[in-house]
Amino acid sequence: MAADTADRFVAPLLDWFDRHGRHDLPWQHPRTPYRVWLSEIMLQQTQVATVIPYFLRFVESFPTLPDLAAASTDQVMAHWAGLGYYARARNLHAAARRCVEQHGGDLPRDLDALLALPGIGRSTAGAILSQAWGDPFPILDGNVKRVFARWHGIHGWPGTPAVEKQMWGLANQHVRHVPAGRLADYTQAQMDFGATQCTRAAPACLTCPLADGCVALREGLVDALPTPRPGKTLPEREAIALLLEDAGGRLLLQRRPPTGIWASLWTLPQDETESGLRTWFEREVDGDLDAAEALPTIVHTFSHYRLHLQPLRLRKVAPRARVGDNEAQRWVSRAELASLGLPAPIRKLLDSL
DNA sequence: AATGCGGGGCG
DNA sequence: CGCCCAGCATT
(Lines give C-alpha, C1' and ligand atoms only; values in the text may rest on other atoms or scores of the structure.)
Protein backbone atom coordinates (compact mmCIF):
# COMPACT_ATOMS: atom_id res chain seq x y z
CA MET A 1 0.00 0.00 0.00
CA ALA A 2 1.31 3.45 -0.84
CA ALA A 3 2.13 5.61 2.11
CA ASP A 4 -0.32 8.31 1.11
CA THR A 5 -3.16 5.80 1.10
CA ALA A 6 -2.48 4.89 4.70
CA ASP A 7 -1.99 8.48 5.70
CA ARG A 8 -5.38 9.32 4.32
CA PHE A 9 -6.85 6.85 6.78
CA VAL A 10 -4.70 7.02 9.91
CA ALA A 11 -4.04 10.73 10.14
CA PRO A 12 -7.65 11.95 9.75
CA LEU A 13 -8.84 9.21 12.08
CA LEU A 14 -6.46 10.25 14.84
CA ASP A 15 -7.39 13.89 14.30
CA TRP A 16 -11.07 12.97 14.57
CA PHE A 17 -10.37 10.98 17.75
CA ASP A 18 -8.70 13.96 19.39
CA ARG A 19 -11.85 16.02 18.87
CA HIS A 20 -14.67 13.49 19.02
CA GLY A 21 -13.36 10.25 20.51
CA ARG A 22 -14.05 8.84 23.95
CA HIS A 23 -11.32 9.86 26.35
CA ASP A 24 -12.99 9.25 29.69
CA LEU A 25 -13.82 5.56 29.71
CA PRO A 26 -13.15 3.92 33.08
CA TRP A 27 -10.51 1.55 31.72
CA GLN A 28 -8.55 4.48 30.28
CA HIS A 29 -7.77 5.86 33.74
CA PRO A 30 -5.55 4.21 34.69
CA ARG A 31 -4.94 2.25 31.51
CA THR A 32 -3.25 -0.80 32.99
CA PRO A 33 -2.92 -4.13 31.16
CA TYR A 34 -5.31 -5.79 33.60
CA ARG A 35 -7.99 -3.14 33.20
CA VAL A 36 -7.61 -3.05 29.42
CA TRP A 37 -7.87 -6.83 29.27
CA LEU A 38 -10.94 -6.93 31.52
CA SER A 39 -12.65 -4.23 29.47
CA GLU A 40 -11.87 -5.97 26.18
CA ILE A 41 -13.33 -9.26 27.35
CA MET A 42 -16.45 -7.48 28.57
CA LEU A 43 -16.71 -5.54 25.33
CA GLN A 44 -16.84 -8.72 23.28
CA GLN A 45 -20.48 -8.89 22.15
CA THR A 46 -21.45 -6.14 24.56
CA GLN A 47 -21.74 -2.39 24.12
CA VAL A 48 -19.81 0.22 26.06
CA ALA A 49 -22.80 1.63 27.96
CA THR A 50 -23.71 -1.82 29.24
CA VAL A 51 -20.16 -2.72 30.18
CA ILE A 52 -19.28 0.36 32.26
CA PRO A 53 -21.22 -0.45 35.46
CA TYR A 54 -20.07 -4.07 35.34
CA PHE A 55 -16.48 -2.96 34.86
CA LEU A 56 -16.67 -0.60 37.82
CA ARG A 57 -18.11 -3.25 40.12
CA PHE A 58 -15.53 -5.75 38.91
CA VAL A 59 -12.46 -3.62 39.57
CA GLU A 60 -13.95 -2.51 42.87
CA SER A 61 -14.03 -6.12 44.05
CA PHE A 62 -10.97 -7.34 42.14
CA PRO A 63 -8.62 -4.35 41.79
CA THR A 64 -5.70 -6.40 40.43
CA LEU A 65 -5.21 -9.51 38.38
CA PRO A 66 -4.01 -11.55 41.39
CA ASP A 67 -7.15 -10.46 43.23
CA LEU A 68 -9.21 -11.93 40.42
CA ALA A 69 -7.14 -15.09 40.34
CA ALA A 70 -7.67 -15.56 44.06
CA ALA A 71 -11.43 -15.14 43.86
CA SER A 72 -13.79 -18.08 43.84
CA THR A 73 -15.73 -19.10 40.77
CA ASP A 74 -18.94 -18.10 42.51
CA GLN A 75 -17.63 -14.63 43.25
CA VAL A 76 -16.55 -14.10 39.66
CA MET A 77 -19.78 -15.39 38.19
CA ALA A 78 -21.80 -13.24 40.56
CA HIS A 79 -20.03 -10.16 39.21
CA TRP A 80 -20.68 -11.26 35.64
CA ALA A 81 -24.35 -12.14 36.06
CA GLY A 82 -26.41 -10.22 33.53
CA LEU A 83 -23.67 -9.66 30.99
CA GLY A 84 -24.29 -12.89 29.13
CA TYR A 85 -21.85 -15.15 27.36
CA TYR A 86 -20.74 -16.61 30.66
CA ALA A 87 -17.96 -18.58 29.06
CA ARG A 88 -16.16 -15.22 28.92
CA ALA A 89 -16.11 -15.06 32.71
CA ARG A 90 -14.95 -18.65 33.00
CA ASN A 91 -12.10 -18.00 30.56
CA LEU A 92 -11.23 -14.73 32.27
CA HIS A 93 -10.89 -16.41 35.62
CA ALA A 94 -8.84 -19.29 34.22
CA ALA A 95 -6.57 -16.88 32.35
CA ALA A 96 -6.01 -14.83 35.48
CA ARG A 97 -4.92 -17.91 37.40
CA ARG A 98 -2.59 -18.94 34.60
CA CYS A 99 -1.05 -15.45 34.52
CA VAL A 100 -0.30 -15.81 38.22
CA GLU A 101 1.26 -19.23 37.69
CA GLN A 102 3.19 -18.52 34.52
CA HIS A 103 3.59 -14.78 34.01
CA GLY A 104 4.35 -13.34 37.42
CA GLY A 105 0.85 -12.14 38.10
CA ASP A 106 0.39 -9.89 35.09
CA LEU A 107 -0.51 -10.27 31.46
CA PRO A 108 2.37 -11.22 29.15
CA ARG A 109 3.55 -8.53 26.76
CA ASP A 110 3.78 -11.01 23.93
CA LEU A 111 1.36 -11.83 21.14
CA ASP A 112 1.72 -15.60 21.21
CA ALA A 113 1.62 -15.78 24.99
CA LEU A 114 -1.58 -13.73 24.98
CA LEU A 115 -3.12 -15.91 22.28
CA ALA A 116 -2.39 -18.96 24.43
CA LEU A 117 -4.66 -17.63 27.17
CA PRO A 118 -8.31 -18.71 27.08
CA GLY A 119 -10.67 -16.05 25.80
CA ILE A 120 -8.02 -14.05 23.97
CA GLY A 121 -7.93 -14.17 20.20
CA ARG A 122 -5.95 -12.16 17.71
CA SER A 123 -8.06 -9.01 17.92
CA THR A 124 -8.29 -8.93 21.69
CA ALA A 125 -4.55 -9.56 21.92
CA GLY A 126 -3.93 -6.62 19.58
CA ALA A 127 -6.19 -4.40 21.67
CA ILE A 128 -4.29 -5.31 24.84
CA LEU A 129 -0.84 -4.85 23.34
CA SER A 130 -1.67 -1.53 21.69
CA GLN A 131 -3.68 -0.01 24.49
CA ALA A 132 -1.71 -1.24 27.48
CA TRP A 133 1.80 -0.84 26.10
CA GLY A 134 1.49 1.15 22.89
CA ASP A 135 2.82 -1.74 20.82
CA PRO A 136 1.99 -1.64 17.09
CA PHE A 137 -0.55 -4.47 16.85
CA PRO A 138 -3.87 -3.94 15.07
CA ILE A 139 -7.35 -4.99 16.06
CA LEU A 140 -10.04 -6.36 13.76
CA ASP A 141 -13.39 -6.29 15.46
CA GLY A 142 -16.82 -5.73 13.98
CA ASN A 143 -16.36 -1.97 13.91
CA VAL A 144 -13.09 -2.14 12.03
CA LYS A 145 -14.47 -4.68 9.58
CA ARG A 146 -17.38 -2.41 8.78
CA VAL A 147 -15.12 0.63 8.29
CA PHE A 148 -12.67 -1.30 6.14
CA ALA A 149 -15.41 -2.79 3.99
CA ARG A 150 -16.69 0.68 3.23
CA TRP A 151 -13.51 2.73 3.06
CA HIS A 152 -11.62 0.16 1.00
CA GLY A 153 -14.71 -0.98 -0.90
CA ILE A 154 -14.33 -4.63 0.06
CA HIS A 155 -17.10 -6.92 -1.08
CA GLY A 156 -17.95 -10.24 0.52
CA TRP A 157 -19.09 -11.11 4.02
CA PRO A 158 -16.24 -10.26 6.46
CA GLY A 159 -16.75 -13.59 8.18
CA THR A 160 -15.31 -15.51 5.25
CA PRO A 161 -11.65 -16.49 5.62
CA ALA A 162 -10.62 -14.75 2.40
CA VAL A 163 -12.15 -11.41 3.35
CA GLU A 164 -10.92 -11.65 6.91
CA LYS A 165 -7.40 -12.39 5.71
CA GLN A 166 -7.51 -9.41 3.38
CA MET A 167 -8.69 -7.19 6.21
CA TRP A 168 -5.95 -8.35 8.59
CA GLY A 169 -3.49 -7.43 5.85
CA LEU A 170 -4.97 -3.94 5.60
CA ALA A 171 -5.00 -3.62 9.39
CA ASN A 172 -1.32 -4.49 9.51
CA GLN A 173 -0.53 -1.99 6.76
CA HIS A 174 -2.41 0.83 8.46
CA VAL A 175 -0.97 0.28 11.90
CA ARG A 176 2.56 0.79 10.59
CA HIS A 177 1.68 4.38 9.80
CA VAL A 178 0.53 5.21 13.31
CA PRO A 179 2.94 7.60 15.02
CA ALA A 180 4.81 6.17 17.99
CA GLY A 181 3.02 6.98 21.18
CA ARG A 182 -0.39 6.99 19.51
CA LEU A 183 -1.08 3.26 19.23
CA ALA A 184 -3.48 3.23 22.14
CA ASP A 185 -5.38 6.18 20.73
CA TYR A 186 -5.47 4.61 17.28
CA THR A 187 -7.07 1.44 18.62
CA GLN A 188 -9.62 3.38 20.63
CA ALA A 189 -10.23 5.68 17.66
CA GLN A 190 -11.23 2.77 15.44
CA MET A 191 -13.69 1.43 17.98
CA ASP A 192 -15.19 4.87 18.62
CA PHE A 193 -15.36 5.71 14.93
CA GLY A 194 -17.25 2.53 14.09
CA ALA A 195 -19.55 2.90 17.07
CA THR A 196 -20.49 6.56 16.63
CA GLN A 197 -19.65 7.72 13.09
CA CYS A 198 -19.51 4.83 10.64
CA THR A 199 -22.44 2.99 12.18
CA ARG A 200 -24.13 0.04 10.57
CA ALA A 201 -27.54 1.52 9.86
CA ALA A 202 -27.06 5.28 9.69
CA PRO A 203 -23.46 6.30 8.99
CA ALA A 204 -22.82 10.05 9.20
CA CYS A 205 -21.14 10.39 5.84
CA LEU A 206 -21.93 14.12 5.60
CA THR A 207 -19.61 14.88 8.49
CA CYS A 208 -17.19 12.02 7.96
CA PRO A 209 -13.49 12.88 8.33
CA LEU A 210 -12.64 9.89 6.13
CA ALA A 211 -14.99 10.81 3.28
CA ASP A 212 -11.97 11.53 1.11
CA GLY A 213 -10.81 8.17 -0.07
CA CYS A 214 -13.92 6.24 0.96
CA VAL A 215 -14.66 3.86 -1.89
CA ALA A 216 -18.17 3.03 -0.71
CA LEU A 217 -19.12 6.70 -0.50
CA ARG A 218 -17.70 7.44 -3.92
CA GLU A 219 -19.49 4.49 -5.51
CA GLY A 220 -22.77 4.77 -3.63
CA LEU A 221 -22.24 1.49 -1.79
CA VAL A 222 -22.34 2.69 1.82
CA ASP A 223 -25.63 0.93 2.47
CA ALA A 224 -24.51 -2.20 0.61
CA LEU A 225 -21.27 -2.68 2.55
CA PRO A 226 -20.24 -4.61 4.43
CA THR A 227 -21.84 -7.49 2.57
CA PRO A 228 -24.32 -9.08 4.98
CA ARG A 229 -23.90 -12.59 6.25
CA PRO A 230 -25.21 -14.98 3.62
CA GLY A 231 -28.58 -16.30 4.63
CA LYS A 232 -28.31 -19.75 6.04
CA THR A 233 -29.37 -22.08 3.26
CA LEU A 234 -33.08 -22.12 3.64
CA PRO A 235 -35.01 -25.36 3.66
CA GLU A 236 -36.72 -25.93 0.33
CA ARG A 237 -40.37 -26.87 0.20
CA GLU A 238 -42.62 -27.66 -2.70
CA ALA A 239 -46.34 -27.30 -3.17
CA ILE A 240 -48.93 -27.40 -5.89
CA ALA A 241 -51.58 -24.73 -6.31
CA LEU A 242 -54.79 -25.07 -8.29
CA LEU A 243 -55.95 -22.18 -10.41
CA LEU A 244 -59.59 -23.11 -11.03
CA GLU A 245 -61.83 -20.97 -13.22
CA ASP A 246 -65.55 -21.43 -13.76
CA ALA A 247 -67.35 -20.71 -17.03
CA GLY A 248 -67.66 -17.06 -16.05
CA GLY A 249 -63.91 -16.68 -15.49
CA ARG A 250 -64.21 -16.46 -11.70
CA LEU A 251 -61.40 -17.93 -9.62
CA LEU A 252 -61.69 -20.23 -6.62
CA LEU A 253 -59.86 -18.79 -3.61
CA GLN A 254 -59.46 -20.11 -0.08
CA ARG A 255 -58.84 -18.21 3.11
CA ARG A 256 -55.73 -19.14 5.07
CA PRO A 257 -55.99 -19.92 8.78
CA PRO A 258 -55.50 -16.95 11.13
CA THR A 259 -52.02 -18.16 12.10
CA GLY A 260 -49.04 -19.40 10.18
CA ILE A 261 -47.92 -18.63 6.68
CA TRP A 262 -50.00 -16.08 4.85
CA ALA A 263 -52.31 -15.83 7.84
CA SER A 264 -55.86 -14.87 6.93
CA LEU A 265 -54.96 -14.09 3.33
CA TRP A 266 -56.79 -15.50 0.35
CA THR A 267 -54.86 -17.98 -1.74
CA LEU A 268 -55.34 -20.70 -4.30
CA PRO A 269 -56.20 -24.22 -3.14
CA GLN A 270 -52.81 -25.66 -2.32
CA ASP A 271 -51.20 -28.83 -1.04
CA GLU A 272 -47.72 -30.21 -0.62
CA THR A 273 -48.42 -33.26 -2.75
CA GLU A 274 -50.27 -33.88 -5.94
CA SER A 275 -52.06 -36.83 -4.40
CA GLY A 276 -53.31 -34.68 -1.54
CA LEU A 277 -54.55 -32.07 -3.95
CA ARG A 278 -56.17 -34.73 -6.12
CA THR A 279 -58.06 -36.10 -3.16
CA TRP A 280 -59.49 -32.69 -2.42
CA PHE A 281 -60.22 -32.03 -6.10
CA GLU A 282 -62.12 -35.24 -6.71
CA ARG A 283 -64.25 -34.68 -3.64
CA GLU A 284 -65.05 -31.03 -4.34
CA VAL A 285 -64.81 -30.40 -8.05
CA ASP A 286 -66.29 -31.90 -11.18
CA GLY A 287 -63.49 -31.94 -13.73
CA ASP A 288 -60.39 -33.64 -15.03
CA LEU A 289 -57.33 -32.67 -13.06
CA ASP A 290 -55.07 -34.32 -15.60
CA ALA A 291 -56.23 -31.78 -18.15
CA ALA A 292 -54.78 -28.92 -16.10
CA GLU A 293 -52.13 -26.73 -17.64
CA ALA A 294 -48.86 -26.42 -15.74
CA LEU A 295 -47.85 -22.77 -15.36
CA PRO A 296 -44.30 -21.66 -14.59
CA THR A 297 -43.20 -22.47 -11.05
CA ILE A 298 -43.29 -19.62 -8.53
CA VAL A 299 -40.35 -19.38 -6.16
CA HIS A 300 -41.16 -17.48 -3.00
CA THR A 301 -38.75 -16.98 -0.10
CA PHE A 302 -40.03 -16.82 3.46
CA SER A 303 -37.93 -16.00 6.49
CA HIS A 304 -37.41 -19.68 7.28
CA TYR A 305 -37.89 -21.60 4.02
CA ARG A 306 -38.14 -21.25 0.28
CA LEU A 307 -41.30 -22.36 -1.42
CA HIS A 308 -41.45 -23.71 -4.96
CA LEU A 309 -45.08 -23.43 -5.94
CA GLN A 310 -46.31 -25.20 -9.04
CA PRO A 311 -49.56 -23.66 -10.33
CA LEU A 312 -51.95 -25.87 -12.30
CA ARG A 313 -54.58 -24.04 -14.34
CA LEU A 314 -57.93 -25.63 -15.13
CA ARG A 315 -60.66 -23.66 -16.90
CA LYS A 316 -64.41 -23.98 -17.19
CA VAL A 317 -64.62 -26.03 -14.03
CA ALA A 318 -68.08 -26.96 -12.88
CA PRO A 319 -68.02 -26.84 -9.09
CA ARG A 320 -69.99 -29.38 -7.15
CA ALA A 321 -72.73 -27.91 -5.05
CA ARG A 322 -70.69 -27.89 -1.86
CA VAL A 323 -67.94 -25.80 -3.45
CA GLY A 324 -69.79 -22.59 -2.99
CA ASP A 325 -69.00 -19.37 -1.16
CA ASN A 326 -68.40 -19.55 2.55
CA GLU A 327 -66.08 -18.09 5.15
CA ALA A 328 -63.14 -20.12 3.97
CA GLN A 329 -63.73 -20.42 0.27
CA ARG A 330 -65.31 -18.38 -2.51
CA TRP A 331 -65.52 -17.85 -6.23
CA VAL A 332 -64.05 -14.46 -7.00
CA SER A 333 -64.37 -12.35 -10.13
CA ARG A 334 -61.39 -10.53 -11.54
CA ALA A 335 -62.90 -7.24 -10.42
CA GLU A 336 -63.11 -8.45 -6.82
CA LEU A 337 -59.49 -9.53 -6.65
CA ALA A 338 -58.23 -6.04 -5.96
CA SER A 339 -60.24 -5.78 -2.77
CA LEU A 340 -58.96 -9.01 -1.25
CA GLY A 341 -55.79 -9.61 0.69
CA LEU A 342 -53.62 -11.85 -1.46
CA PRO A 343 -50.01 -12.91 -0.92
CA ALA A 344 -47.75 -10.96 -3.24
CA PRO A 345 -46.64 -13.93 -5.34
CA ILE A 346 -50.23 -15.13 -5.76
CA ARG A 347 -51.42 -11.67 -6.76
CA LYS A 348 -48.58 -11.41 -9.22
CA LEU A 349 -49.54 -14.75 -10.71
CA LEU A 350 -53.20 -13.83 -11.05
CA ASP A 351 -52.40 -10.40 -12.49
CA SER A 352 -50.27 -12.04 -15.17
CA LEU A 353 -53.11 -14.12 -16.55
C1' DA B 1 -38.37 -11.49 14.67
C1' DA B 2 -34.02 -10.98 12.70
C1' DT B 3 -29.33 -9.50 13.01
C1' DG B 4 -24.65 -8.67 14.88
C1' DC B 5 -21.06 -9.97 17.69
C1' DG B 6 -15.02 -12.51 19.24
C1' DG B 7 -13.66 -16.64 20.49
C1' DG B 8 -14.04 -21.67 21.57
C1' DG B 9 -15.00 -26.17 20.28
C1' DC B 10 -16.59 -29.50 17.30
C1' DG B 11 -16.27 -32.96 13.37
C1' DC C 1 -11.12 -25.78 7.68
C1' DG C 2 -16.26 -24.83 8.03
C1' DC C 3 -19.83 -24.79 11.13
C1' DC C 4 -22.35 -23.96 15.30
C1' DC C 5 -22.94 -21.81 19.70
C1' DA C 6 -23.88 -18.32 23.33
C1' DG C 7 -27.26 -13.93 25.52
C1' DC C 8 -28.10 -9.53 25.01
C1' DA C 9 -28.98 -4.96 22.48
C1' DT C 10 -30.55 -2.93 18.58
C1' DT C 11 -33.44 -2.40 14.75
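Keep in mind it's a predicted model, so treat the numbers as computed, not measured. In what follows, every chain begins at residue 1, and chains take the letters A, B, ... in the order their sequences are listed.
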Measure [atom1]/[X] against [atom2]/[N] and give the value in whole Å, please.
X	N	atom1	atom2	answer
M42(A)	dA9(C)	CE	C1'	17 Å
R90(A)	dG6(B)	CZ	P	19 Å
R122(A)	dG7(B)	CZ	P	11 Å
L114(A)	dG6(B)	CG	P	18 Å
W168(A)	dG6(B)	CH2	P	11 Å
E40(A)	dG6(B)	CD	C1'	11 Å
I139(A)	dG7(B)	CD1	P	10 Å
R200(A)	dT3(B)	CZ	P	10 Å

In sequence, state the C-alpha distance, the side-chain angles, and the governing distance for F9(A) and H177(A), and then conclude on ring pair (Phe, Tyr, Trp, His ring centres under 6.0 Å).
CA-CA 9 Å; F9(A) 183 84; H177(A) 295 271; over 10 Å; no

CD of E60(A): more than 12 outside heavy atoms within 6.0 angstrom?
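Result for CD/E60(A): open.
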
Can you identify which nucleotide, out of [options], has its nearest atom closest to the [X] side chain?
X	options	result
S123(A)	dG4(B), dA9(C), dG7(B)	dG7(B)
D141(A)	dG6(B), dA9(C), dT3(B)	dG6(B)
P161(A)	dG6(B), dG4(B), dC1(C)	dC1(C)
Q47(A)	dG6(B), dG4(B), dT10(C)	dT10(C)

Kindly assign one of parallel, tilted or perpendicular to the pair H152(A) and H174(A), based on the angle between their ring planes and the thresholds 30° and 60°.
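The arrangement is tilted - the two ring planes meet at 30° to 60°.
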
Students often mix this up, so state it plainly: with edges at 30° and 60°, are the rings of H20(A) and W16(A) parallel, tilted or perpendicular?
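Tilted: the ring planes of H20(A) and W16(A) meet at 30° to 60°.
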
Under 4.0 angstrom, heavy atoms only, what part of the nucleic acid is [X] near: base, sugar-phosphate, or nothing?
X	value
L117(A)	sugar-phosphate
I120(A)	sugar-phosphate
R146(A)	sugar-phosphate
R88(A)	nothing

Both A49(A) and A87(A) contact DNA chain C. Taking the nearest nucleotide for each, which residue is further toward the 5' end?
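The answer here is A87(A).
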
I'd like the P distance from dG6(B) over to dT11(C), given in whole Å.
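It works out to 16 Å between them.
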
So, OP1 or OP2 of dG7(B): does either fall under 4.0 Å of a side-chain N or O from T124(A)?
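So the side chain of T124(A) is within the cut-off, an N or O lying under 4.0 Å from OP1 or OP2 of dG7(B).
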
Less than 4.0 angstrom between a side-chain N/O of Q45(A) and OP1 or OP2 of dA9(C), yes or no?
no

Rounded to the nearest 0.5 Å, the OG1 atom of T196(A) sits from the CZ atom of R22(A) at a distance of 6.5 Å

